2 protein chains.
Amino acid sequence: MQFQTLVSDSKSLSGNIGVLFADDELIISAVIEILKQTNTHVTLYGIKDPTELIRSFNIDGDFLNRIHLRTYKEKEMVYHKCAADLKDSTINVLMKGNVSSAEILSFILQHKSFIDENNFLNHIACFEIPSYHKMLMISDVALNISPSIDDRIKMINNIERFSKNIGYSHLNIGLLSSVEKPTSKIPSSIDAVEISMHFSNDTFVNVEGPFAFDNAIDKESAIEKGIESEIAGDLDALIVPYLDVGNTLYKSLTYFAHAKVASLILGTTFPVILTSRADTKENKVNSAILALRTLL
Amino acid sequence: MQFQTLVSDSKSLSGNIGVLFADDELIISAVIEILKQTNTHVTLYGIKDPTELIRSFNIDGDFLNRIHLRTYKEKEMVYHKCAADLKDSTINVLMKGNVSSAEILSFILQHKSFIDENNFLNHIACFEIPSYHKMLMISDVALNISPSIDDRIKMINNIERFSKNIGYSHLNIGLLSSVEKPTSKIPSSIDAVEISMHFSNDTFVNVEGPFAFDNAIDKESAIEKGIESEIAGDLDALIVPYLDVGNTLYKSLTYFAHAKVASLILGTTFPVILTSRADTKENKVNSAILALRTLL
């Protein structure tokens, strides 16, 4: 699947995105762009009244009608009302505003009904990389520090469900290491063998590894190294062994390889947009479009 | 320093590069390019006679005169003669040909006199990244899997000596993690504090960390995150916590960010060029030029 396919034709996408603490110019400007590019409503939860900030953008009445304000005196009430609205589906997407990721995650984890039956949260980043021939999903670049083998199996379960939701009929998933042959000296390479075995009977996914990054994303380099794999160089998703790997890769792709990205938290009963302050407005908007697409 | 400065004006560089097992078209083509771009001699050690292969390139007599052949029947003799020539400085640079990195490393480690007094080997990759304002060295992307704190201190010692050799008068060194504030949950972030403290009295290097990759290479992102650091966004060298991080970063930069690279093994008493088969001819030649420059 192409990244561009996912984020185009977004006009008909609808839903109600709840934004926690939208008292920030960058967030409001992303919210307005989301309203322009989709047919969604947005509910802003917070303590500061964002009315003046919104009016400073001089937007049409039609867009204003799709913004709903929930302003309270206490942080506790903000979260309380947001949780209630998520429970009765008044809002069906959650978006992080001007607040730390840790605080949003702690809010989610406090509510059992917000976690799906796989009982595991992971972050997924969907990249459009100029030199790669299709969308590449990478996990985990933001949340799980040193996921166990079982954690990485659950990550793949989450990615399977997410991918089905957005229209994939099959997924090639690679397990990243620094070598392409398992060696006991490099734990990620050994783990890859065990993880891939777990999915040997799964027809939706083809999970293989270990791959070094070049063999994961370039078929020619895999052929040169004599790697026998149907999916080498043609991955839809890449599982990294540690956050240090994923986080560095995410940032090298966005800063130096001019990649576009849309990212979400998976494993929740509603999509969660957890972009960071450093993400561009375009990345925030694309993440929202991706979230709305999972509702279809 | 700029990468381009290092690899330009190479005509006057001289030395004698010993290539182990040069029986390969790509290696010979790199050797000929090295002869063209520098004033060096090259000695080819191997079992197969490469004369025909060399003649197929149709090169001038002047270049042929600077190629010396050491062909033996047994692998043992090849290594024996190469070691003797390194010991009496007949050759003063070692280059890997058509042989595994592990075999070359084992050859080096067998000879105590080949290891310098720091007693630690590491790989250094020197990048020219199109969107970065100067050369960025990264270690370790190829050799050390999970270096201890002490290992990473020795890596920095090796990088200091190497950088002085090629003309640096000061180095900004960053310690990579996935966060910019130390947290006990992420070992690389805690290690960074201890490693940087070790260099607090060193005037040649300014070692700081932890950095997430964006704060390491982009001053604006560091300012946005309120990071107080003189070197954030202005690094000359980056130390990664694991090989999985460095190897992935190396490949994402060369495959997706169109980076040029020159790489060497440090910690030996002579420079060692250990490029991989997947490296381009240009990267091999640049690595040789870098090696010759350390002899000045």
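All values derive from a computational prediction rather than experimental measurement. In what follows, every chain begins at residue 1, and chains take the letters A, B, ... in the order their sequences are listed.
In terms of heavy-atom pairs under 4.5 Å with chain B, the best-connected choice from A212(A), P187(A), A257(A) is A257(A). Note: I129(B) leads V179(B), I129(B), V240(B) in heavy-atom pairs under 4.5 Å with chain A. If you tally non-hydrogen atom pairs under 4.5 Å between each of L249(B), V245(B), L253(B), L176(B) and chain A, the highest count goes to V245(B).
Of the two parts of L243(A), the backbone and the side chain both hold a non-hydrogen atom closer than 4.5 Å to a non-hydrogen atom of chain B. If you measure heavy-atom distances from P130(A) to chain B, you find no contacts under 4.5 Å at all.
Within the model, atoms CZ of F213(A) and CZ of F256(B) stand 5.0 Å from one another, a figure rounded to the nearest 0.5 Å.
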Report every donor-acceptor pair between chain B and chain A with a separation under 3.5 Å, backbone and side chains included.
from    : atom 1 : to      : atom 2 : distance (Å)
S178(B) : N      : D244(A) : OD1    : 3.2
S178(B) : OG     : D244(A) : OD1    : 2.5
S188(B) : OG     : D244(A) : OD1    : 3.3
S188(B) : OG     : D244(A) : OD2    : 2.6
D214(B) : OD1    : K251(A) : NZ     : 3.3
D244(B) : OD1    : S178(A) : N      : 3.1
D244(B) : OD1    : S178(A) : OG     : 2.5
D244(B) : OD1    : S188(A) : OG     : 3.3
D244(B) : OD2    : S188(A) : OG     : 2.6
K251(B) : NZ     : D214(A) : OD1    : 3.3
S252(B) : OG     : S252(A) : OG     : 3.0

